[in-house]
Amino acid sequence: MEKTRREFVKLVGGAALGAGVILAGKGRASAQTIPAKGAPSEPIRIGVMPGLTGVIGVPGTAAWRTTQIWADEVNASGGILGRKVELHMEEETTAKECVERFKKLTLEKKVDVIVGLMSTGNGLAVGPLAEELGQLWLAWDGTTQKGVEETMPKTKFAFKSIDNEAEAIGGAILTAKYFPKIKTIAGINNDYSYGRDCWESFQAVLKHFHPNVKAVEALWPKLGETDFTSHIAALKKAKPDLIMTSFWSGDVPILMKQAAAVGLFKTTKGCFTTGGGVHYTLKKEFTPEGLILGYNSMYFKWTDTWPLLTKFVKTYFDKYKEYPVYECDHAYFVLQAYKTAVEKCYSILGKWPTKEEVGKALSGIQVPSLSGYRGYREDNIMTCNFFMGITTHKNPYDFVTIDPVEVLTPSQIIKPTAETKLYEWIKGWKS
Amino acid sequence: METIVSIIFSGVFNASTLFLVAAGLQVVFGVQKVFNLACGSFYALGAYFGIVVVKSFVAGGFPKPLFIVPLIGAGLLLGFIGPIVERGLIKFVYDRDETFQLLLTFALVMMIEDVIKFIWGTSPQTTGGIDLIYGRINLFGATLPVYNLIVILCSLIIAALIGYILLNTKFGRIIRATADKKEMGEALGINMKMVYIKVFTLGTVLGTLGGALVIPATAVVSEMGVELIVLAFAVVVIGGLGSMKGAFIGALIVGVLKSVAISTYPELEMLTIYIIVIAVLVIKPQGLFGGSKV
């Protein structure tokens, strides 16, 4: 019997929650060693596009490791509906090469789904291609935004990451909450779309709560800069009450170290909206307490009551001697969402689903991930909680953690639809 | 005054590491006529190895304030890769077109980056806050990290040492002679193979030492060598390709200019540097000290 899209999505949405409970630790009742009836016998091919070199090498490696951990676990428990998963990796590099590799994975390797990509520049190139080829693409961190505007509000196959500016919005909300008396701010952000958009949206939100806050300096080191002594001299000259940065990779410990060398944060407050991307490098010796630090979608110490997180942190640490970062959660989530969507399609349709059917099931899905339940909106943009807080030295590690932990929900930091104008949305908030 | 001191100091600190990398580039080009793109990678290797040595030193229970000693040792020791690279790769392109040399040394950059990732992974690494044990000093109201002063001092000593070697030793005279006319050196019975090995090792050590020295004040990331080489290009164009004096002055110009630009017109940071580069290329294409050799 043919089902309408609405009926299909409704069924899938409800069933996904059920599957989530199973995955959260109730058992593995659906695990099979032989393919389910009507399912192809060959393995499911998953194309993976991690960035492994340059600045994206840090989160990209974490996501790639997570993908392998997930694949090992899924295969050990019988695969997806009895089909093993097989990973085909093509590195994320430039937009041109990503397009070629995306085509290669789709047309030559004939993969069932492609996960990965962290750069929005690459997302903008690959998004339209996914729609054209009819290939499912589940981005880790790549969006299809131009600035803060969504360029692909309606997609069938391209599933995009959270809006880039979400962490800056979260950082500004916490700045207004924890440092209500600040009068002047300065920004040091990378000189590309993400850095500039984060700085603009941070200011917009902060001024919404505190209209008199004034920006006294804005610095734009290029992505990959490894010396900030001159920038720090400029920041000291500007004497702001608070410094905001959206650095997310190796530049975070460099800035923190060089700031500590001249005691910058002894007199100035700080908001590192995305610094948790390399949280384990922020050693107590040079990272002060009292800074706002954002961990994006995953905080490894969020809770002891979520078995998925506890188990994953242990597995990851045992294997790599590092504590996982947020890109692990994005990587885990997209695979879990795909698996759940396929299983639910199968349970409804009684046959192995097409890519289009899986895509329909993914829209609006909610599944358990490392950071709790998270999902895709109907416009195929990820949603998830963001974890931020105030740095503390009171922990057993040699690096800082946060206390209190603030959990910012999607409705607080992500505009409700792809078409929503960001700054109009912010203006509409109640103070 | 406080602001001026802070800006100049950060510029000079920046220049001190730039000088070491650019000097390595210059000495190799001056004698071997090879433009070694991998000099930035040697810098990155020195930084990673420096972390290993400092961590081992601290773990061994040695007094922390003495960490600078094994750190310098690490930079010098890593020079052993110089002869390996020179004999294993560089010697094959001496008489070939510059394009081959650039391609080979670029391949070396990629290979070293992969070796770094293979050994140390992609995560940024630091020596913790060990540099902070030297404290800070106050100069005209500006807070200056003492460790950064040590790095500047080390660079000055190295610059003086290189100057002394080039001008007052037999090895220096051989280097200058072969840089001027290789054939004459050979005709006089100079063992060019050994000269090339020694010069390339010197170039390598300048890079590895630079990386090792700077690492306590920053964090290492696998791409740090590539980042530095771009600025080193600007230094050699301004100073003059093949000139050590040019490397010194060029590094100072680039370092201080960058610092001043960031404090005044941050958006024009790179533009300012490359305006100088273009001006030099137009007015004095051989660079400020391009006429003088090594």
Side-chain angles (χ1 to χ4, degrees), chain A residues 51-62 64-65 188 191 217-239 249-258 260-264 266 278 280-287 320-322 325 398-399, chain B residues 2-11 13-14 17-18 44 47 110 113-114 117 121-134 136 142-148 214 216-228 231 255-256 258-264 266-267 269-270:
Chain A
L52 300 174
T53 51
V55 283
I56 58 171
V58 180
T61 301
W64 173 229
R65 288 170 174 174
I188 174 165
D191 194 9
E217 183 62 282
L219 301 174
W220 307 105
K222 63 184 179 302
L223 192 62
E225 176 75 58
T226 54
D227 179 66
F228 298 109
T229 48
S230 301
H231 301 85
I232 288 165
L235 289 169
K236 288 203 90 174
K237 177 187 151 204
K239 293 187 173 64
S249 190
D251 39 16
V252 185
I254 297 175
L255 177 65
M256 201 71 89
K257 268 202 75 121
Q258 296 182 338
V262 294
L264 181 67
K266 284 193 170 181
V278 284
Y280 52 87
T281 68
L282 300 177
K283 308 296 181 192
K284 290 173 182 171
E285 289 164 289
F286 58 82
T287 309
Y320 302 111
K321 304 296 170 230
E322 274 175 16
V325 297
D398 66 344
F399 53 86
Chain B
E2 172 195 343
T3 301
I4 294 170
V5 172
S6 288
I7 291 167
I8 300 293
F9 180 77
S10 63
F13 173 69
N14 199 348
T17 50
L18 253 182
M110 299 288 111
E113 197 174 325
D114 273 3
K117 279 191 288 176
T122 52
S123 291
Q125 294 183 32
T126 66
T127 53
I130 199 159
D131 57 317
L132 302 176
I133 57 176
Y134 289 124
R136 313 177 184 104
T143 308
L144 311 178
V146 171
Y147 184 76
N148 292 17
V214 82
T218 181
V220 284
V221 285
S222 57
E223 68 276 11
M224 69 189 294
V226 181
E227 145 75 15
L228 200 72
L231 279 179
V256 174
K258 189 172 175 233
S259 191
V260 172
I262 287 170
S263 288
T264 49
E267 309 240 357
E269 171 195 345
M270 294 313 278

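Just so we're clear, the structure is a prediction, and the values are computed from it rather than from any experiment.
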Residue S123(B) versus chain A: region with a heavy atom under 4.5 Å: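 Contact with chain A is through both the backbone and side chain of S123(B).
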Contact winner vs chain A - P216(B), G255(B), A142(B), heavy-atom pairs under 4.5 Å: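 Answer, by heavy-atom pair count under 4.5 Å with chain A: P216(B).
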Contacting moiety of V55(A), where chain B heavy atoms sit under 4.5 Å: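 Looking at V55(A), backbone and side chain both touch chain B.
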Winner by heavy-atom pair count (cut-off under 4.5 Å) against chain A, out of T3(B), T218(B), T17(B), V221(B):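 Top option by heavy-atom pairs under 4.5 Å: T218(B).
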Side chain, backbone, both or neither of A62(A) within contact of chain B (heavy atoms, under 4.5 Å):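 Answer is neither: A62(A) stays 4.5 Å or more from chain B.
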Interface moiety of E225(A) toward chain B, non-hydrogen atoms closer than 4.5 Å: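 For E225(A), backbone and side chain are both near chain B.
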Toward chain B, the part of V58(A) with a non-hydrogen atom under 4.5 Å: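 For V58(A), the contact with chain B is made by backbone and side chain together.
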Side-chain touch V278(A)/D251(A), heavy atoms, less than 4.5 angstrom: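 Sidechains of D251(A) and V278(A): no contact.
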Non-hydrogen atoms of E285(A) and I130(B) that approach each other most closely: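 E285(A) and I130(B) have their closest heavy atoms at OE2-N, 4.5 Å.
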T126(B), part contacting chain A, at a heavy-atom distance under 4.5 Å: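 T126(B) touches chain A through side-chain heavy atoms alone.
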Residue, of F399(A), F286(A), Y320(A), that accumulates the most heavy atom pairs under 4.5 Å with chain B: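 Option with the top pair count is F286(A).
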Partner chain B: residue of G250(A), P253(A), A261(A), A234(A) with the largest heavy-atom pair count (under 4.5 Å):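 Among the listed options, the one with the most contacts to chain B is A261(A).
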For D227(A) against K258(B), the heavy-atom pair lying closest together: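 For D227(A) versus K258(B), the nearest heavy atoms are O-NZ, 4.4 Å.
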Largest heavy-atom contact set with chain A, pairs under 4.5 Å, which of S6(B), S10(B), P145(B), G11(B):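 Counting heavy-atom pairs under 4.5 Å, the top option is S10(B).
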Name of the residue among Q258(A), M256(A), K257(A) meeting side-chain contact (heavy atoms from CB on, under 4.5 Å) with I254(A):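 With I254(A) as partner, side-chain contact (heavy atoms from CB on, under 4.5 Å) holds for just one option, Q258(A).
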Check: L235(A) and F228(A) side chains under 4.5 Å, non-hydrogen atoms: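 Result no, sub-4.5 Å side-chain heavy-atom pair not found.
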Over 12 non-hydrogen atoms of neighbours within 6.0 angstrom of NZ in K266(A):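 No - once you tally the heavy atoms of other residues, nucleotides and ligands closer than 6.0 Å, there are 12 at most.
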Contact class of K284(A) relative to chain B, heavy atoms under 4.5 angstrom: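 Answer is neither: K284(A) stays 4.5 Å or more from chain B.
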Whether over 12 other heavy atoms sit under 6.0 Å from I133(B) CD1: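 More than 12 heavy atoms, drawn from other residues, nucleotides or ligands, come within 6.0 Å of this atom.
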Max heavy-atom pair count under 4.5 Å with chain A, selected residue of E269(B), M224(B), K117(B):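 Maximum pair count with chain A is reached by K117(B).
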Pairwise distance CZ(F9(B)) to OG1(T143(B)) - rounded to 0.5 angstrom: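 OG1 of T143(B) is found 10.5 Å from CZ of F9(B).
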Winner by heavy-atom pair count (cut-off under 4.5 Å) against chain A, out of A217(B), P266(B), G121(B), A219(B):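 If we count pairs closer than 4.5 Å to chain A, A219(B) comes out on top.
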Heavy-atom contact with chain B under 4.5 Å, split by part of Y280(A):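 Contact with chain B involves the side chain of Y280(A) alone.
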Residues T53(A) and E113(B): side-chain donor-acceptor under 3.5 angstrom: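 No donor-acceptor contact under 3.5 Å links the two side chains.
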Donor + acceptor pair across side chains of S230(A), S259(B) (<3.5 Å):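 Yes, S259(B) and S230(A) have a side-chain donor paired with an acceptor closer than 3.5 Å.
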